[in-house]
Amino acid sequence: MTANHPTSLSIVIPMYKEEENAELMIKQIHQGMELFNGHWEVICVDDGSPDCTLAKLRQAQQTHGEHVRIIELQRNFGQTAAMQAGIDAARGELIATLDGDLQNDPHDIPRMVDELLERDLDLLQGWRKNRQDAAIKRKLPSRIANKLIARITGVKLHDYGCSLKIYRASILKQIRLFGEMHRFIPVWVAGITAPHRIGETVVSHHARQFGESKYGISRTFRVIIDLLSVFFFLRYKARPGHFFGSIGLTSGAIGGLLMSWLLFVKFVLGEDIGNRPMLIVSVLLLVMALQFLTTGVVAEMLSRIFFQGSEGRNFVVRKICEPQEQNAWFVQKVQSAKCKDARTTDKSRK
C-alpha cells in the first residue's frame with residue numbers, strides 16, 4: 001500500500017433479487033480486502049427484493065459482523081436510488097461501487113484504490129475489456145450507449161456501464177442521482193472536477209452464475225432519453241436562456257425571412273398569398289420563436305432564484321492555497337481593524 005493510503009473505504013452494493021449471490025458476495029469481498037490496510041465497510045442496499053435477498057444479507061452480517069451494514073429500502077426504487085442511499089450512508093474517505101451479481105471481482109478494489117491515489121484521480125472507472133455477457137442482449141446495447149455518451153458529453157471512456165468504480169467521497173457526495181442516472185456518474189463528476197482527474201482501468205469480469213439480468217436491449221432507448229437530460233444540465237444548467245433562446249432566434253429568423261418574401265410577393269408582385277402553405281409555416285415559426293424566447297426568460301429567472309436562494313453554485317472550489325506569511329499578515333490586519341473600531345466605539349460612547 002502507498003504511504004498516503006486513505007484511512008477508510010466504503011463499498012456500496014445495491015442489490016435486487018440476488019438471494020443466491022448475497023452471501024457469496026460478502027465472502028468474496030472479505031477475501032479480496034485482506035490486503036487492504038485501511039479501515040473499510042460494506043454497505044449492502046436491499047432495493048425492496050421480494051425474495052430472500054435481505055435474509056441472506058442478514059445471515060452474512062452475523063457471520064462477518066463489523067464490516068457489514070445493511071440498508072433496507074421500503075420498496076423497489078431502482079438501482080440509482082439504491083446506490084444513492086448507500087452513498088449517503090457511506091463513512092469512508094473513498095467510496096467503491098459494484099453490482100451484487102458477482103460479475104465484478106472484489107479483488108480488483110485494493111489495486112484500484114492504489115491506482116486512484118497514485119494517479120491523483122477523483123474517479124477511477126472500471127473497464128470490462130473482456131466482458132463475459134451475451135453479445136446481442138448485453139454487449140450490443142452497452143456499446144451503443146457508450147458511443148452515444150462519449151460523443152455527446154465529450155467524456156471519453158470505454159465502459160460507462162461498469163458499476164465497479166472508485167470515487168473520492170468529497171466529490172461523489174456533491175452529486176445527487178435521480179431516475180436512472182447511475183450510468184452517467186462519470187459525466188456528472190466531470191461537471192464538478194477536471195476531466196483529467198477521471199481515469200479508467202481494466203478490471204476482471206465474470207459470467208453471471210446465479211439469478212437473471214435486469215437489463216436488456218430496451219435499455220438503449222432509456223439511455224437516449226436520459227442522455228438528453230444530461231446534455232442539457234451539463235451545458236445549460238446555469239444559462240438555460242441560451243438553450244431556448246438559440247432555438248427561438250433560429251426559428252424566428254427563418255419565419256421572418258419567409259414572411260418578408262410573402263410580403264414582397266403580395267405588395268410588389270401583386271399575387272395572392274392567402275392559400276399558400278408558406279404563410280402558415282412562417283406564422284407557426286414566428287409563434288414558436290416567441291414561445292421559446294419567453295420560455296428562456298422564465299428559465300433564466302428560475303435559474304437565478306435557484307443559485308441565489310439556495311446553496312447551489314455554478315462553480316466548485318477544490319481548495320485554497322495561501323502562503324503562511326500572507327495568512328499571518330491578513331490576520332494581523334483584521335485584528336488591528338477590530339481594535340481600531342473598538343476604540344472608536346468607546347470614544348463615541350464617552
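Residue numbers count from 1 along this sequence. Predicted model, so just to flag it, every value in this text is computed and none were measured.
Side-chain contact check for L293 versus L290: every heavy-atom pair is 4.5 Å or farther apart. Taking the side chain as every heavy atom from C-beta outward, Y167 and I171 never approach each other to under 4.5 Å. Side-chain atoms of V189 and Q174, non-hydrogen and from C-beta on, never get closer than 4.5 Å to each other. Within the 4.5 Å cutoff, side-chain heavy atoms of I87 are placed close to those of L172. Residues V297 and T295 fail the side-chain proximity criterion, which asks for heavy atoms closer than 4.5 Å. L94 places a side-chain heavy atom less than 4.5 Å from the side chain of V113. At least one side-chain heavy atom of P186 sits less than 4.5 Å from a side-chain heavy atom of L157. The shortest side-chain heavy-atom distance between P106 and M33 does not fall under the 4.5 Å cut-off.
Shown are I71, I70, V45; of these, the side chain to side chain contact (heavy atoms under 4.5 Å, CB included) with L57 is made only by I70. Test H158, Q125, K165 against E200 for side chain to side chain donor-acceptor pair (under 3.5 Å) and you get one pass: H158.
The CD1 atom of I95 lies 9.0 Å from the CG atom of L9; values are rounded to the nearest 0.5 Å. Remark: L98 CG to I13 CD1 distance equals 4.5 Å, nearest 0.5 Å.
For H205 and W127, the ring centers sit 6.0 Å or farther from each other.
N104 and S163 get closest at one heavy-atom pair: OD1-CB, 4.1 Å. Contact detail for V203 and G126: the closest heavy-atom pair is CG1-CA, 3.9 Å. Nearest heavy-atom pair across S246 and T250 is O-OG1, 2.8 Å. Minimum heavy-atom separation, S10 to G92: OG-N, 2.8 Å. In this structure, I166 and A96 approach most closely via the heavy-atom pair CD1-CB, 3.4 Å. In terms of heavy-atom proximity, L262 sits nearest to L279 at CD1-CA, 3.4 Å.
For R75, there are no salt bridge (charged side-chain N to carboxylate O under 4.0 Å, His left out) partners two or more places apart in sequence or in a different chain. Remark: D88 pairs with R176 by the salt bridge (charged side-chain N to carboxylate O under 4.0 Å, His left out) rule, at least two apart or across chains. Taking the side chain to side chain contact (heavy atoms under 4.5 Å, CB included) definition, one finds that P50 meets it with Y16, K17, sequence neighbours left out.
Of the N and O atoms on the side chains of D101 and N21, not one donor lies less than 3.5 Å from an acceptor on the other residue. Donor-acceptor pairing under 3.5 Å is lacking for the side chains of E18 and T53.
Side-chain atoms of D47 do not come within 3.5 Å of backbone N or O of A82 as any donor-acceptor pair. Side chain of T97 to backbone of V12: no donor-acceptor contact under 3.5 angstrom is found. Of the possible donor and acceptor atoms, none in the side chain of T193 sits under 3.5 Å from a partner among the backbone N and O of A190. Remark: side-chain polar atoms of R168 are paired, donor with acceptor, to backbone N or O of L121 under 3.5 angstrom. Between the R91 side chain and the E41 main chain, no donor and acceptor come within less than 3.5 Å of each other. Formation of a donor-acceptor pair under 3.5 Å by the R197 side chain with backbone atoms of L123 is not found in this model. Side-chain atoms of S49 never come within 3.5 Å of backbone atoms of D46 as a donor-acceptor pair (strictly under, hydrogens ignored).
A salt bridge is defined here as a Lys NZ or Arg NE, NH1 or NH2 lying under 4.0 Å from an Asp or Glu carboxylate O, and R58 with E72 meets this definition. Salt bridge absent: R111 and D114 never bring a charged side-chain N and a carboxylate O closer than 4.0 Å. Between K56 and E19 there is no salt bridge, since none of the side-chain N atoms of the basic residue sits less than 4.0 Å from a carboxylate O of the acidic one. Salt bridge annotation for K27-E23: absent, with no cationic side-chain nitrogen under 4.0 angstrom from a carboxylate oxygen.
Ring-plane geometry between H67 and H30 is classed as perpendicular, the angle between the planes exceeding 60 degrees on a 0 to 90 degree scale with a lower cut at 30.
Hydrophobic clustering (side-chain heavy atoms under 4.5 Å, transitive across Ile, Leu, Val, Met, Phe, Trp, Tyr) groups M288 together with L286.
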